[in-house]
There are 2 protein chains.
Amino acid sequence: MKTLSATFRPLYRQVRSMIERALEDGEWAPGEAIPSEIELASRFDVSQGTVRKAVQSLAAENLLVRRQGKGTFVATHTEEKASNFRFLRIRRNDGRAEYPKSRLVGLRRARASAEAARLLAVRTGDPVFVLRRVLEYGGVPAVLDEITLPAALFRGMTRERCAAYPGSMYGFFETEFGVRMLRADERLHAIAADAESARLLQVPVGTPLLAVERVAYTYGERPVELRRGLCTTRREHYWNALT
Amino acid sequence: MKTLSATFRPLYRQVRSMIERALEDGEWAPGEAIPSEIELASRFDVSQGTVRKAVQSLAAENLLVRRQGKGTFVATHTEEKASNFRFLRIRRNDGRAEYPKSRLVGLRRARASAEAARLLAVRTGDPVFVLRRVLEYGGVPAVLDEITLPAALFRGMTRERCAAYPGSMYGFFETEFGVRMLRADERLHAIAADAESARLLQVPVGTPLLAVERVAYTYGERPVELRRGLCTTRREHYWNALT
DNA sequence: CAGTGGTCTAGACCACATC
DNA sequence: ATGTGGTCTAGACCACTGG
């Protein structure tokens, strides 16, 4: 297979794209096994080694999960136990690895502000859902989240379904709406609590809070969630590894 | 090469360890090329493919840098241009990719507090250097850093050398003391500015600040730097990618 | 036991940088 | 032209899982 230098694209990259496309098209459901390397090799008419490179690069980006002796599986937010901390950077200061309880405090329809529209790549005024919740550790509020979602992708979103879902938010999005979050960017600021956030977080007005702005992306780098979190950092902190 | 299951360790892992050892021993200086894959293969008596796997895993962790057609180089903090942002997560809100100017505001010898000793894996009371500096964007202070270093590893540290070095702090540590930072953990809190930080950062007392605590590690996961940064987030923010 | 992913090898060829 | 890392192949064998 010869290609010109300007157009050069390794075979395994092309195979990767094809697998990615199949994932996006839902050919295999989250949590399911994809075909074995040998099957994929015959399907794409390349060697097993080339498939392996493609699959491993997808696994490196957490789109797939490989398990020796078992197979390769479509990554899912519904069974990531420890790895669920991937999108939850708030930890307790005492080091206890504990998941906060989520309490819904509001869900409303709204129209995208200019800024929200820009970040979500929709048009200003397009319908969105705005969801608010509080995360609590042992009954003590720690995070106040305001989550903005393009309504077009989350048809049928209701307060009841939201409150009823037992797992994580991204598990909810994945199972109920087929929206899979793959990666996110965050920007952090320090701000003072205003009256409302102070009330919901049960801290004095003016308390320094961590403001975490997140844009989360699905396949094709398409933004599908805008989130603003306000975190008290008395008992918790935001954790990050520089590698 | 047969091994028992309990002891199993892939060949490329062993090769990786040997290369890592050589790096730690300074067999090749930062910025220098290491031997080619073929040479390493013959040195370790394995195939080129096995060497490649070892080298690529080191490159993936930023200990080495591979350049097609040129060779594989020991990573250095002295010439990482864009990639220098790896350890500088503070960005301007307006998106301009600009490096802050560093201004030294103090260097003193001290004894490690119990907490510093724990984080740096030294004994309480062991000698340390405490270095303070301000980072400024266009003359406006943005970050106040307090950096604690085990004195044993930074012999000959002086205010003058510190102020004289033109590049980044980790470039300074690497060139002047042979201490190479490989990765770091950070914990973020939001706090209110006290009198002194308010003065140095030119903000009102009580202004919410981002408090960034960092422990940086060198080879063998040995901690060698403890850093506490206080950042105003009016014009800047802390940036992070969740992948 | 069969089937999966993981390792290791040997060899061919390609893209890139330099001389 | 030469040497570097990057890709691709084919095949052998190993480690892990589950029936």
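Order of the sequence lines fixes the chain letters, A, B, ..., with proteins taken first and strands second; residue numbering starts at 1 for each chain. Quantities reported herein were computed from a predicted structural model and do not represent experimental measurements. FYI, side chains are in, hydrogens and waters are out, and symmetry mates aren't considered; it's all heavy atoms of this structure.
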Ion pair A:Glu37/A:Arg66, N-O distance below 4.0 Å: yes
Within this structure, what is the CZ-to-P distance between B:Phe73 and D:dG3, rounded to whole angstrom? 16 Å
Please determine, by modelled atom types, if A:Ser36 and A:Glu39 share a side-chain donor-acceptor pair under 3.5 angstrom. yes
When you measure from every atom of DNA chain C, which of residues 33-42 of chain A have a heavy atom less than 4.0 Å away? A:Ser36, A:Glu37
Can you establish whether the number of heavy atoms outside A:Asp94 located under 6.0 Å from its atom CG is more than 12? yes
Name the pairs: protein N/O against N/O of nucleotides 17-19 of chain C, kept only if under 3.5 Å.
unit_1, atom_1, unit_2, atom_2, d
C:dT18, OP1, B:Lys70, NZ, 3.4

Whole-Å distance separating the CZ atom of A:Arg13 from the C1' atom of D:dG6: 12 Å
Would you sort out whether A:Glu61 and A:Arg16 count as a side-chain contact (heavy atoms from CB on, under 4.5 Å), showing the intermediate values? CA-CA 12 Å; A:Glu61 291 175 24; A:Arg16 191 198 131 115; 3.1 Å; yes
How long is the span from the CZ atom in B:Arg227 to the CE atom in B:Met169, to the nearest 0.5 Å? 7.0 Å
Output yes when a side-chain donor or acceptor of A:Gln14 lies under 3.5 Å from a complementary backbone atom of A:Arg9, and no otherwise. yes
So for atom CZ, which belongs to A:Arg21, do other residues, nucleotides or ligands contribute more than 12 heavy atoms lying within a distance under 6.0 Å? no
Can you tell whether the side chains of A:Glu115 and A:Arg228 come within less than 4.0 Å, N to carboxylate O? no
Apply side-chain contact (heavy atoms from CB on, under 4.5 Å) to the pair B:Ile90 and B:Tyr238, showing each step before the final yes or no. CA-CA 5 Å; B:Ile90 304 296; B:Tyr238 182 101; 4.1 Å; yes
Expressed in angstrom and rounded to an integer, what is the separation of A:Leu11 atom CG from C:dC13 atom C1'? 13 Å
Closest heavy-atom pair, A:Leu40 versus A:Pro35, reported as atoms and distance to 0.1 Å, is CD1-O, 3.6 Å
Start at the 5' end of DNA chain D and walk down; is the nucleotide closest to A:Asp45 or to B:Arg67 reached first? B:Arg67
Report the distance from atom CZ of A:Phe154 to atom CZ of A:Phe173, rounding to the nearest 0.5 Å. 4.5 Å
Considering only heavy atoms, which members of residues 47-61 of chain B lie under 4.0 Å from some atom of DNA chain D? B:Arg52, B:Gln56
Nearest-Å distance, CZ (B:Arg16) to P (C:dT7)? 13 Å
Please report, rounded to the nearest Å, how far the C1' atom of C:dT7 is from the CZ atom of B:Phe44. 18 Å
